[in-house]
There are 2 protein chains.
Amino acid sequence: MKRTILIFGGLALSLLLLFQISKYSLLSNDLEIEGILAIVAVVFLIVGIYLNKKSLHKEALGEGEIDLKKVEALELSKREYEVLMQISMGLSNKEIADKLFVTESTIKTHVSNVLIKLKAKRRTQAIQIAKELKIL
Amino acid sequence: MKRTILIFGGLALSLLLLFQISKYSLLSNDLEIEGILAIVAVVFLIVGIYLNKKSLHKEALGEGEIDLKKVEALELSKREYEVLMQISMGLSNKEIADKLFVTESTIKTHVSNVLIKLKAKRRTQAIQIAKELKIL
DNA sequence: AACACGCTCATACTAAAGTACCAAAAGCAT
DNA sequence: ATGCTTTTGGTACTTTAGTATGAGCGTGTT
(Lines give C-alpha, C1' and ligand atoms only; values in the text may rest on other atoms or scores of the structure.)
Protein backbone atom coordinates (compact mmCIF):
# COMPACT_ATOMS: atom_id res chain seq x y z
CA MET A 1 0.00 0.00 0.00
CA LYS A 2 2.85 2.37 0.79
CA ARG A 3 4.39 1.61 -2.57
CA THR A 4 1.12 2.38 -4.28
CA ILE A 5 1.06 5.81 -2.65
CA LEU A 6 4.63 6.48 -3.76
CA ILE A 7 3.83 5.40 -7.31
CA PHE A 8 0.79 7.64 -7.45
CA GLY A 9 2.86 10.49 -6.10
CA GLY A 10 5.35 9.96 -8.91
CA LEU A 11 2.54 9.86 -11.41
CA ALA A 12 1.12 13.15 -10.15
CA LEU A 13 4.54 14.78 -10.44
CA SER A 14 5.09 13.54 -13.98
CA LEU A 15 1.63 14.73 -14.90
CA LEU A 16 2.44 18.20 -13.54
CA LEU A 17 5.67 18.22 -15.54
CA LEU A 18 3.69 17.48 -18.68
CA PHE A 19 1.42 20.38 -17.81
CA GLN A 20 4.36 22.73 -17.57
CA ILE A 21 5.78 21.54 -20.86
CA SER A 22 2.49 22.00 -22.59
CA LYS A 23 2.02 25.47 -21.11
CA TYR A 24 5.39 27.07 -21.84
CA SER A 25 6.64 25.46 -25.01
CA LEU A 26 3.88 23.79 -26.95
CA LEU A 27 0.66 25.63 -26.18
CA SER A 28 0.61 27.51 -29.44
CA ASN A 29 0.63 24.41 -31.60
CA ASP A 30 -2.55 22.34 -31.80
CA LEU A 31 -0.81 19.31 -33.27
CA GLU A 32 1.62 19.20 -30.37
CA ILE A 33 -1.22 19.19 -27.90
CA GLU A 34 -2.66 16.16 -29.61
CA GLY A 35 0.74 14.54 -29.39
CA ILE A 36 0.95 15.23 -25.68
CA LEU A 37 -2.49 13.74 -25.18
CA ALA A 38 -1.42 10.64 -27.04
CA ILE A 39 1.77 10.36 -25.00
CA VAL A 40 -0.13 10.76 -21.75
CA ALA A 41 -2.60 8.12 -22.88
CA VAL A 42 0.08 5.59 -23.80
CA VAL A 43 2.12 6.26 -20.67
CA PHE A 44 -0.81 5.76 -18.36
CA LEU A 45 -1.94 2.71 -20.27
CA ILE A 46 1.47 1.17 -19.61
CA VAL A 47 1.40 2.35 -16.00
CA GLY A 48 -2.02 0.74 -15.60
CA ILE A 49 -0.76 -2.59 -16.88
CA TYR A 50 2.30 -2.30 -14.65
CA LEU A 51 0.27 -1.52 -11.54
CA ASN A 52 -2.08 -4.39 -12.25
CA LYS A 53 0.75 -6.87 -12.56
CA LYS A 54 2.25 -5.58 -9.31
CA SER A 55 -1.00 -6.06 -7.46
CA LEU A 56 -1.39 -9.55 -8.87
CA HIS A 57 2.09 -10.46 -7.74
CA LYS A 58 1.24 -9.21 -4.27
CA GLU A 59 -1.79 -11.48 -4.21
CA ALA A 60 0.35 -14.42 -5.24
CA LEU A 61 2.83 -13.68 -2.49
CA GLY A 62 -0.04 -13.22 -0.09
CA GLU A 63 -1.14 -16.78 -0.71
CA GLY A 64 2.33 -17.96 0.08
CA GLU A 65 2.34 -16.15 3.39
CA ILE A 66 -0.90 -17.70 4.53
CA ASP A 67 0.74 -21.13 4.40
CA LEU A 68 2.57 -21.22 7.69
CA LYS A 69 -0.25 -19.60 9.61
CA LYS A 70 -2.70 -22.26 8.49
CA VAL A 71 -0.22 -25.02 9.14
CA GLU A 72 -0.01 -23.82 12.72
CA ALA A 73 -3.76 -23.50 12.92
CA LEU A 74 -4.07 -27.16 11.93
CA GLU A 75 -1.51 -28.03 14.60
CA LEU A 76 0.62 -29.83 12.04
CA SER A 77 4.14 -30.36 13.32
CA LYS A 78 7.17 -29.63 11.12
CA ARG A 79 7.75 -33.28 10.43
CA GLU A 80 4.12 -33.95 9.63
CA TYR A 81 4.05 -31.04 7.22
CA GLU A 82 7.23 -32.32 5.67
CA VAL A 83 5.66 -35.73 5.15
CA LEU A 84 2.54 -34.12 3.72
CA MET A 85 4.63 -32.37 1.06
CA GLN A 86 6.36 -35.60 0.12
CA ILE A 87 2.97 -37.27 -0.20
CA SER A 88 1.88 -34.56 -2.60
CA MET A 89 5.00 -35.26 -4.63
CA GLY A 90 3.59 -38.72 -5.22
CA LEU A 91 6.04 -40.66 -3.07
CA SER A 92 5.21 -43.90 -1.26
CA ASN A 93 5.69 -44.31 2.48
CA LYS A 94 8.85 -46.30 1.87
CA GLU A 95 10.29 -43.67 -0.45
CA ILE A 96 9.50 -40.90 2.02
CA ALA A 97 11.14 -42.96 4.78
CA ASP A 98 14.35 -43.32 2.76
CA LYS A 99 14.33 -39.65 1.85
CA LEU A 100 13.97 -38.53 5.46
CA PHE A 101 16.27 -41.27 6.85
CA VAL A 102 13.66 -42.90 9.09
CA THR A 103 11.71 -46.16 8.95
CA GLU A 104 8.46 -46.73 7.16
CA SER A 105 6.76 -47.21 10.53
CA THR A 106 7.59 -43.66 11.46
CA ILE A 107 6.20 -42.34 8.21
CA LYS A 108 3.01 -44.33 8.71
CA THR A 109 2.58 -42.73 12.09
CA HIS A 110 3.09 -39.28 10.63
CA VAL A 111 0.73 -39.99 7.74
CA SER A 112 -1.99 -41.16 10.11
CA ASN A 113 -1.62 -38.00 12.16
CA VAL A 114 -1.75 -35.86 9.04
CA LEU A 115 -4.93 -37.60 7.88
CA ILE A 116 -6.58 -37.02 11.26
CA LYS A 117 -5.59 -33.36 11.40
CA LEU A 118 -6.68 -32.70 7.84
CA LYS A 119 -9.85 -34.77 8.34
CA ALA A 120 -8.95 -36.90 5.33
CA LYS A 121 -9.63 -40.57 4.76
CA ARG A 122 -6.86 -41.13 2.21
CA ARG A 123 -3.58 -39.51 1.29
CA THR A 124 -5.04 -38.40 -2.04
CA GLN A 125 -7.81 -36.61 -0.17
CA ALA A 126 -5.20 -35.05 2.09
CA ILE A 127 -3.51 -33.63 -1.00
CA GLN A 128 -6.77 -32.19 -2.23
CA ILE A 129 -7.66 -30.66 1.14
CA ALA A 130 -4.16 -29.26 1.60
CA LYS A 131 -4.31 -27.57 -1.79
CA GLU A 132 -7.72 -26.14 -0.99
CA LEU A 133 -6.28 -24.69 2.19
CA LYS A 134 -3.38 -23.40 0.07
CA ILE A 135 -0.92 -25.17 2.29
CA LEU A 136 1.03 -26.64 -0.61
CA MET B 1 -6.55 -11.10 -30.46
CA LYS B 2 -9.52 -9.86 -32.45
CA ARG B 3 -10.97 -8.38 -29.30
CA THR B 4 -7.74 -6.56 -28.61
CA ILE B 5 -7.90 -4.93 -32.04
CA LEU B 6 -11.49 -3.85 -31.44
CA ILE B 7 -10.60 -2.42 -28.05
CA PHE B 8 -7.69 -0.46 -29.48
CA GLY B 9 -9.92 0.81 -32.26
CA GLY B 10 -12.38 2.01 -29.65
CA LEU B 11 -9.58 3.69 -27.76
CA ALA B 12 -8.35 5.50 -30.86
CA LEU B 13 -11.87 6.76 -31.56
CA SER B 14 -12.38 8.02 -28.03
CA LEU B 15 -8.99 9.70 -28.17
CA LEU B 16 -9.99 11.47 -31.39
CA LEU B 17 -13.25 12.54 -29.77
CA LEU B 18 -11.29 14.08 -26.92
CA PHE B 19 -9.17 15.92 -29.47
CA GLN B 20 -12.25 17.38 -31.09
CA ILE B 21 -13.68 18.48 -27.78
CA SER B 22 -10.43 20.10 -26.78
CA LYS B 23 -10.12 21.85 -30.14
CA TYR B 24 -13.57 23.36 -30.53
CA SER B 25 -14.80 24.07 -27.06
CA LEU B 26 -11.99 24.18 -24.54
CA LEU B 27 -8.85 25.22 -26.38
CA SER B 28 -8.95 28.76 -25.05
CA ASN B 29 -8.87 27.75 -21.41
CA ASP B 30 -5.60 26.40 -19.94
CA LEU B 31 -7.23 24.90 -16.85
CA GLU B 32 -9.62 22.90 -18.96
CA ILE B 33 -6.72 21.46 -20.92
CA GLU B 34 -5.14 20.28 -17.71
CA GLY B 35 -8.43 18.70 -16.76
CA ILE B 36 -8.61 16.87 -20.06
CA LEU B 37 -5.08 15.64 -19.59
CA ALA B 38 -6.00 14.32 -16.17
CA ILE B 39 -9.12 12.63 -17.52
CA VAL B 40 -7.16 11.02 -20.33
CA ALA B 41 -4.55 9.84 -17.85
CA VAL B 42 -7.08 8.29 -15.49
CA VAL B 43 -9.11 6.71 -18.28
CA PHE B 44 -6.09 5.05 -19.83
CA LEU B 45 -4.82 3.95 -16.45
CA ILE B 46 -8.10 2.13 -15.92
CA VAL B 47 -8.02 0.79 -19.46
CA GLY B 48 -4.50 -0.51 -18.85
CA ILE B 49 -5.57 -2.37 -15.74
CA TYR B 50 -8.60 -3.73 -17.58
CA LEU B 51 -6.57 -4.92 -20.55
CA ASN B 52 -4.05 -6.59 -18.27
CA LYS B 53 -6.73 -8.51 -16.46
CA LYS B 54 -8.23 -9.57 -19.77
CA SER B 55 -4.91 -10.85 -21.03
CA LEU B 56 -4.29 -12.75 -17.82
CA HIS B 57 -7.66 -14.39 -18.12
CA LYS B 58 -6.83 -15.37 -21.67
CA GLU B 59 -3.64 -17.01 -20.44
CA ALA B 60 -5.61 -18.92 -17.88
CA LEU B 61 -8.03 -20.08 -20.54
CA GLY B 62 -5.10 -20.86 -22.80
CA GLU B 63 -3.79 -23.32 -20.24
CA GLY B 64 -7.22 -24.86 -20.18
CA GLU B 65 -7.16 -25.36 -23.92
CA ILE B 66 -3.86 -27.19 -23.82
CA ASP B 67 -5.55 -29.76 -21.60
CA LEU B 68 -7.43 -31.70 -24.22
CA LYS B 69 -4.53 -31.69 -26.66
CA LYS B 70 -2.19 -33.23 -24.11
CA VAL B 71 -4.84 -35.69 -23.02
CA GLU B 72 -5.05 -36.89 -26.61
CA ALA B 73 -1.27 -36.96 -26.88
CA LEU B 74 -1.16 -39.28 -23.89
CA GLU B 75 -3.81 -41.43 -25.54
CA LEU B 76 -6.00 -41.15 -22.47
CA SER B 77 -9.59 -42.09 -23.25
CA LYS B 78 -12.49 -39.98 -22.00
CA ARG B 79 -13.30 -42.46 -19.31
CA GLU B 80 -9.72 -42.75 -18.17
CA TYR B 81 -9.41 -38.99 -17.98
CA GLU B 82 -12.65 -38.86 -16.05
CA VAL B 83 -11.28 -41.37 -13.56
CA LEU B 84 -8.05 -39.44 -13.31
CA MET B 85 -9.96 -36.31 -12.28
CA GLN B 86 -11.88 -38.21 -9.63
CA ILE B 87 -8.59 -39.56 -8.29
CA SER B 88 -7.29 -36.02 -7.98
CA MET B 89 -10.41 -35.16 -6.00
CA GLY B 90 -9.22 -37.63 -3.41
CA LEU B 91 -11.84 -40.32 -4.02
CA SER B 92 -11.25 -44.05 -3.50
CA ASN B 93 -11.82 -46.60 -6.26
CA LYS B 94 -15.11 -47.61 -4.66
CA GLU B 95 -16.32 -44.03 -4.41
CA ILE B 96 -15.41 -43.37 -8.04
CA ALA B 97 -17.21 -46.56 -9.03
CA ASP B 98 -20.40 -45.43 -7.28
CA LYS B 99 -20.14 -41.97 -8.77
CA LEU B 100 -19.78 -43.28 -12.32
CA PHE B 101 -22.25 -46.15 -11.83
CA VAL B 102 -19.82 -48.96 -12.58
CA THR B 103 -18.09 -51.62 -10.47
CA GLU B 104 -14.84 -51.19 -8.62
CA SER B 105 -13.22 -53.71 -10.97
CA THR B 106 -13.83 -51.39 -13.88
CA ILE B 107 -12.30 -48.47 -12.03
CA LYS B 108 -9.27 -50.55 -11.16
CA THR B 109 -8.78 -51.35 -14.83
CA HIS B 110 -9.06 -47.67 -15.74
CA VAL B 111 -6.70 -46.65 -12.96
CA SER B 112 -4.10 -49.18 -14.06
CA ASN B 113 -4.30 -47.87 -17.62
CA VAL B 114 -3.97 -44.29 -16.41
CA LEU B 115 -0.90 -45.19 -14.37
CA ILE B 116 0.73 -46.87 -17.37
CA LYS B 117 -0.04 -43.98 -19.71
CA LEU B 118 1.16 -41.36 -17.22
CA LYS B 119 4.17 -43.50 -16.33
CA ALA B 120 3.19 -43.33 -12.65
CA LYS B 121 3.65 -45.96 -9.98
CA ARG B 122 0.94 -44.69 -7.68
CA ARG B 123 -2.24 -42.65 -7.96
CA THR B 124 -0.64 -39.88 -5.95
CA GLN B 125 2.20 -39.73 -8.45
CA ALA B 126 -0.35 -39.69 -11.25
CA ILE B 127 -1.89 -36.59 -9.68
CA GLN B 128 1.49 -34.90 -9.49
CA ILE B 129 2.40 -35.76 -13.08
CA ALA B 130 -1.00 -34.71 -14.37
CA LYS B 131 -0.68 -31.35 -12.67
CA GLU B 132 2.78 -30.88 -14.12
CA LEU B 133 1.35 -31.55 -17.56
CA LYS B 134 -1.42 -29.09 -16.70
CA ILE B 135 -4.00 -31.69 -17.46
CA LEU B 136 -5.98 -31.00 -14.31
C1' DA C 1 12.30 -33.32 39.02
C1' DA C 2 7.94 -34.11 36.68
C1' DC C 3 5.24 -33.48 32.53
C1' DA C 4 3.75 -32.60 27.97
C1' DC C 5 4.97 -33.01 23.31
C1' DG C 6 7.17 -34.37 19.24
C1' DC C 7 9.80 -37.91 16.92
C1' DT C 8 10.98 -42.35 16.58
C1' DC C 9 10.02 -47.44 15.94
C1' DA C 10 7.55 -51.91 16.30
C1' DT C 11 3.83 -55.43 15.95
C1' DA C 12 -0.38 -57.00 14.26
C1' DC C 13 -4.15 -56.28 11.66
C1' DT C 14 -7.65 -54.55 8.17
C1' DA C 15 -8.47 -52.23 4.12
C1' DA C 16 -7.35 -50.24 -0.09
C1' DA C 17 -4.62 -50.12 -4.17
C1' DG C 18 -2.46 -52.09 -7.87
C1' DT C 19 -1.04 -56.14 -11.24
C1' DA C 20 -1.92 -59.75 -14.48
C1' DC C 21 -4.82 -61.93 -17.50
C1' DC C 22 -8.86 -62.83 -19.52
C1' DA C 23 -13.23 -61.90 -21.85
C1' DA C 24 -17.64 -60.07 -23.52
C1' DA C 25 -20.56 -56.23 -25.15
C1' DA C 26 -20.77 -51.67 -27.43
C1' DG C 27 -19.29 -48.05 -30.65
C1' DC C 28 -17.03 -46.71 -34.81
C1' DA C 29 -14.80 -46.57 -39.16
C1' DT C 30 -13.47 -48.89 -43.49
C1' DA D 1 -19.63 -57.33 -42.04
C1' DT D 2 -15.06 -57.14 -40.10
C1' DG D 3 -11.73 -55.21 -37.51
C1' DC D 4 -10.36 -51.87 -33.82
C1' DT D 5 -10.82 -49.40 -29.58
C1' DT D 6 -13.31 -48.44 -25.55
C1' DT D 7 -15.75 -49.78 -21.76
C1' DT D 8 -17.07 -52.93 -18.79
C1' DG D 9 -16.41 -56.82 -15.52
C1' DG D 10 -14.24 -60.80 -13.25
C1' DT D 11 -10.70 -63.76 -10.59
C1' DA D 12 -6.63 -64.24 -8.13
C1' DC D 13 -2.75 -62.35 -6.01
C1' DT D 14 0.83 -58.96 -4.38
C1' DT D 15 1.81 -54.73 -2.58
C1' DT D 16 0.83 -50.27 -0.27
C1' DA D 17 -1.80 -47.81 2.85
C1' DG D 18 -3.88 -47.07 6.96
C1' DT D 19 -5.42 -48.28 12.07
C1' DA D 20 -4.60 -49.41 16.78
C1' DT D 21 -1.68 -49.65 20.42
C1' DG D 22 2.36 -49.40 23.02
C1' DA D 23 6.83 -47.72 24.08
C1' DG D 24 11.49 -45.41 24.36
C1' DC D 25 13.99 -40.93 23.80
C1' DG D 26 15.02 -36.08 23.72
C1' DT D 27 13.57 -31.20 24.59
C1' DG D 28 11.51 -27.55 26.58
C1' DT D 29 8.16 -25.99 30.34
C1' DT D 30 6.51 -25.50 34.84
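What you are looking at is a predicted structure, and each value in this text was computed from that prediction instead of being measured.
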**Message:** Side chains of B/Thr106 and B/Thr109: any donor to acceptor distance under 3.5 Å?
**Reply:** no
**Request:** Would you tell me if any nitrogen or oxygen in the side chain of B/Asn93 comes within less than 4.0 Å of OP1 or OP2 on C/dA17?
**Result:** yes
**Asked** Between A/Glu95 (CD) and D/dT16 (P), how many Å, whole number?
**Response** 9 Å
**Item:** Integer-rounded Å distance: C/dA16 P and A/Gln125 CD
**Value:** 13 Å
**Prompt:** For B/Lys78 and D/dT6, what is the distance between atoms NZ and P respectively, to the nearest whole Å?
**Reply:** 9 Å
**Request:** Ignoring backbone atoms, establish whether B/Thr106 has a side-chain N or O less than 4.0 Å from OP1 or OP2 of D/dG9.
**Result:** yes
**Value rounded to 0.5 Å, distance of CD1 in A/Ile129 from CG in A/Leu115** = 9.0 Å
**Asked** Is A/Ser112 touching bases, backbone alone, or none of the nucleic acid, heavy atoms closer than 4.0 Å?
**Response** base
**Request:** In whole angstrom, give the distance that lies between atom CD1 of A/Ile87 and atom P of D/dG18.
**Result:** 7 Å
**Sub-4.5 Å side-chain heavy-atom contact between B/Leu84 and B/Leu118** = yes
**Asked** For B/Arg79 and C/dG27, what is the distance between atoms CZ and C1' respectively, to the nearest whole Å?
**Response** 14 Å
**Asked** What is the distance from CG of B/Asn113 to C1' of D/dG9, rounded to the nearest Å?
**Response** 13 Å
**Prompt:** Within this structure, what is the CD-to-P distance between A/Glu104 and C/dT8, rounded to whole angstrom?
**Reply:** 14 Å
**Asked** Under 6.0 Å from the CE atom of A/Met85, do we count more than 12 heavy atoms belonging to anything else shown?
**Response** yes
**Prompt:** What does A/Ser105 touch in the nucleic acid at a heavy-atom separation under 4.0 angstrom: a base, only the sugar-phosphate, or nothing?
**Reply:** base
**Message:** Contact between A/Gln86 and A/His110 at the side-chain level, heavy atoms closer than 4.5 Å - yes or no?
**Reply:** no
**Under-4.0 Å side-chain N/O to phosphate OP1/OP2 contact, B/His110 with D/dT7** = no
**Request:** Tell me what A/Thr103 touches on the nucleic acid: a base, only sugar-phosphate, or nothing, going by heavy atoms under 4.0 Å.
**Result:** sugar-phosphate
**Asked** Looking at the side chain of A/Lys108, which of C/dA17, D/dA17, C/dT8 is the nearest nucleotide?
**Response** D/dA17
**Asked** Can you check the A/Ile116 CD1 to D/dA17 P distance for me, whole Å?
**Response** 18 Å
**Message:** Can you see if the side chain of A/Arg123 gets near the phosphate of D/dG18 - specifically, an N or O under 4.0 Å from OP1 or OP2?
**Reply:** yes
**Request:** Looking only at side-chain atoms of A/Val102, point me to the closest of C/dT8, D/dG10, C/dA16.
**Result:** C/dT8
**Request:** Please determine, for the side chain of B/Leu115, which listed nucleotide (C/dA17, C/dT19, D/dG18) has the closest atom?
**Result:** C/dT19
**Asked** Taking OP1 and OP2 of C/dC7, is either one under 4.0 Å from a side-chain nitrogen or oxygen of A/Ser77?
**Response** yes
